[in-house]
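First the structure, in the form of structure tokens, and then the observations on it.
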Protein chains: 2
Amino acid sequence: MPSTTAKTPDVSRRSERSRKAILRASMELVGEVGYTKLTIEAIAARAGVGKQTIYRWWPSKAAVLLDAFTEVVRSEDYQAGIPDTGDIEADLKTVLRATADEFSDAAFEAPYRALAVASAADAELAEQFVRRLQEPGLEVYIARLRAGQQAGQIDPDLDLRLATEVLLGPFQQRWLNRSGPLTHEFADRLVEMALRAFAPRA
Amino acid sequence: MPSTTAKTPDVSRRSERSRKAILRASMELVGEVGYTKLTIEAIAARAGVGKQTIYRWWPSKAAVLLDAFTEVVRSEDYQAGIPDTGDIEADLKTVLRATADEFSDAAFEAPYRALAVASAADAELAEQFVRRLQEPGLEVYIARLRAGQQAGQIDPDLDLRLATEVLLGPFQQRWLNRSGPLTHEFADRLVEMALRAFAPRA
DNA sequence: CCACCAAGACGAGACGAACCGTCTTGACAA
DNA sequence: TTGTCAAGACGGTTCGTCTCGTCTTGGTGG
């Protein structure tokens with residue numbers, strides 16, 4: 001019987017120059033025109049690249065953007081982790097305030113929102129989005145909460161996974177829905193309320 | 001100087017028959033083909049209506065869907081409110097379990113997800129989405145929490161607005177990101193953790 | 001009370017523009 | 001020699017606007 005294998009391109013012969021130009025062009029364009037008006041044709045034109053070169057290596061414009069964004073964020077965050085001064089409330093407030101500021105920066109906002117939106121619509125992309133961008137973020141929170149457990153500031157039986165969802169879920173909800181401002185005030189109140197749920201049982 | 005007013009259509013002469021047919025057709029089609037493949041042309045064809053009739057009354061396909069969904073949900077939910085048996089933990093678990101089931105139903109999921117996605121991408125639509133669909137839902141939670149305050153089960157100084165965000169944010173995050181299953185188990189653990197944060201201070 | 005009429009929404013679909021994703025060409029690099 | 005590359009032609013969709021002729025409706029004059 002005839003093989004139905006789709007001929008996969010030869011990765012070893014891929015042009016690094018074109019790859020970089022494509023990722024760069026998509027980040028620029030998504031900031032300029034927004035995600036819905038972002039077009040494969042425009043990316044190719046801006047990058048000085050044939051359309052086929054994009055279609056050969058990526059399944060969708062969202063996938064291009066995910067690669068582009070991952071490249072930027074890689075190693076920049078997540079490396080340092082969350083500071084541990086011994087005061088978990090202060091540490092969490094510091095990080096959540098910084099996150100609030102980051103999400104108020106348009107240069108970060110536009111592509112990240114585009115990815116979040118595309119992920120909500122496309123289950124396949126969502127798996128990649130969560131695994132490559134969200135999970136690493138969760139891990140640093142879990143690490144800090146675990147340290148808090150060992151310091152006796154946090155219930156040792158707490159489900160740390162669920163705890164990060166309680167801490168970050170309301171934050172993401174506000175941001176995605178634009179149902180409220182991402183102020184330092186909000187970050188502080190959220191951390192305070194979450195820590196009341198995380199505290200060791202009396 | 002010449003007026004630049006866009007001629008607004010005459011509402012009093014609007015065809016109720018066509019309006020209903022359009023809303024009905026969009027709900028049917030979004031379930032059949034999904035939101036991204038939902039097309040104004042297809043809605044018009046299914047509804048037996050000219051395209052112009054849709055463009056005349058709605059700014060986007062998302063706006064059509066929001067009207068269609070609002071019409072269905074109107075008065076169906078939100079009327080009853082959250083049961084008050086005196087046991088706030090049990091009551092919240094009941095409602096959140098029911099919500100989890102609702103979000104697992106494809107007939108509800110498809111159009112609602114479409115609206116959530118479109119809202120995340122479009123600030124103007126988001127304002128309508130939050131106000132017409134999400135706010136009414138929040139209000140019934142706030143009412144039940146307020147009753148809990150009066151019953152002495154909940155901290156009287158609690159910010160009830162923030163409380164609903166803590167309760168529902170993690171739920172929405174899981175659902176939108178598909179970062180975990182919306183089980184009864186999850187609903188119960190979430191309510192339990194939230195109530196620890198809501199409890200009166202010792 | 002009713003016949004008439006002008007205004008405007010209606011169904012249908014033609015129209016050009018934008019993008020889609022595929023395919024072809026000739027250059028070039030491994 | 002083989003396969004990617006830039007460039008762009010190609011047919012197919014859907015867009016949003018527009019132009020028809022029809023139908024509905026509210027106001028007017030007999």
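A quick note: this is a predicted structure, and the numbers were derived from the prediction, not measured. Proteins come first, then strands; the chains are lettered A, B, ... in the order of their sequence lines, and each starts at number 1.
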Open item on the list: Less than 4.0 angstrom from a charged side-chain N to a carboxylate O is my criterion; do B/R46 and B/E32 meet it?
Closed with: yes
Task: Results of side chain to side chain contact (heavy atoms under 4.5 Å, CB included) for B/A187 - residues two or more places apart only - done: B/L96, B/R97
TODO: Say whether, by atom type as modelled, one donor and one acceptor occur between the side chain of B/T85 and the main chain of B/D87 under 3.5 angstrom.
DONE: yes
Task: Residues within residues 15-25 of chain A bordering DNA chain D, heavy-atom distance below 4.0 Å - done: A/S15, A/S18
Task: Sidechain-backbone polar pair: B/R178 side chain, A/E124 backbone, donor-acceptor under 3.5 Å - done: no
TODO: Would you check if the side chain of B/R113 reaches a backbone N or O of A/A121 as a donor-acceptor pair within less than 3.5 Å?
DONE: no
Task: side-chain hydrogen bond (donor to acceptor under 3.5 Å, both in side chains) contacts in which one or both residues fall within residues 52-64 of chain B, not counting sequence neighbours - done: B/W58-B/D67
Open item on the list: Is there a side-chain contact between B/T53 and the phosphate of C/dG11, meaning an N or O under 4.0 Å from OP1 or OP2?
Closed with: yes
Task: Any residue of residues 43-50 of chain B with a heavy atom less than 4.0 Å from an atom of DNA chain D - done: none
Task: Side-chain ion pair, A/R189 and B/E165, N-O less than 4.0 Å - done: no
TODO: Using atom CH2 of A/W58 as one end and atom P of C/dC20 as the other, report the distance to the nearest whole Å.
DONE: 15 Å
Task: All side chain to side chain contact (heavy atoms under 4.5 Å, CB included) counterparts of B/E127, not counting sequence neighbours - done: B/R131
Table of protein N/O atoms under 3.5 Å from nucleotides 11-14 of chain D N/O atoms:
residue, atom, partner, partner atom, Å
D/dT14, O3', B/T39, OG1, 2.8

Polar atom pairs (N or O), protein with nucleotides 25-27 of chain D, under 3.5 Å:
residue, atom, partner, partner atom, Å
D/dT25, O2, B/R13, NH2, 3.4

Open item on the list: Nearest whole Å is fine: how far is C/dG11 P from B/W57 CH2?
Closed with: 12 Å
Distances under 3.5 Å between nitrogen or oxygen atoms of protein and nucleotides 23-28 of chain C:
residue, atom, partner, partner atom, Å
C/dC23, N4, A/Q52, OE1, 2.7

- [ ] Please collect all ring-ring contact (aromatic ring centres under 6.0 Å, His included) contacts where either partner lies in residues 164-199 of chain A, sequence neighbours excluded, each pair once.
- [x] A/F103-A/F171, A/F103-A/W175, A/Y112-A/W175
Open item on the list: Has B/Q172 got a side-chain atom pairing as donor or acceptor with A/Q172's backbone, closer than 3.5 angstrom?
Closed with: no
Open item on the list: Measure CZ/A/R56 against C1'/D/dT2 and give the value in whole Å, please.
Closed with: 13 Å
Task: B/D91 bridged to B/R144 by N-O distance under 4.0 Å - done: yes
Open item on the list: Using the side chain to side chain contact (heavy atoms under 4.5 Å, CB included) criterion, which residues pair with B/Q150? Sequence neighbours excluded.
Closed with: B/R146
TODO: Using the test salt bridge (Lys or Arg N to Asp or Glu O under 4.0 Å), find all partners of B/E139 that sit at least two apart in sequence or belong to another chain.
DONE: B/R161
Task: Contacts of B/S15 that satisfy side chain to side chain contact (heavy atoms under 4.5 Å, CB included) - sequence neighbours left out - done: B/R17, B/S18
TODO: Flag the pair B/D157 and B/R201 as a salt bridge only when some basic side-chain nitrogen lies within less than 4.0 angstrom of an acidic carboxylate oxygen.
DONE: no
Task: d(NZ, A/K61; C1', C/dG21) in whole Å - done: 14 Å
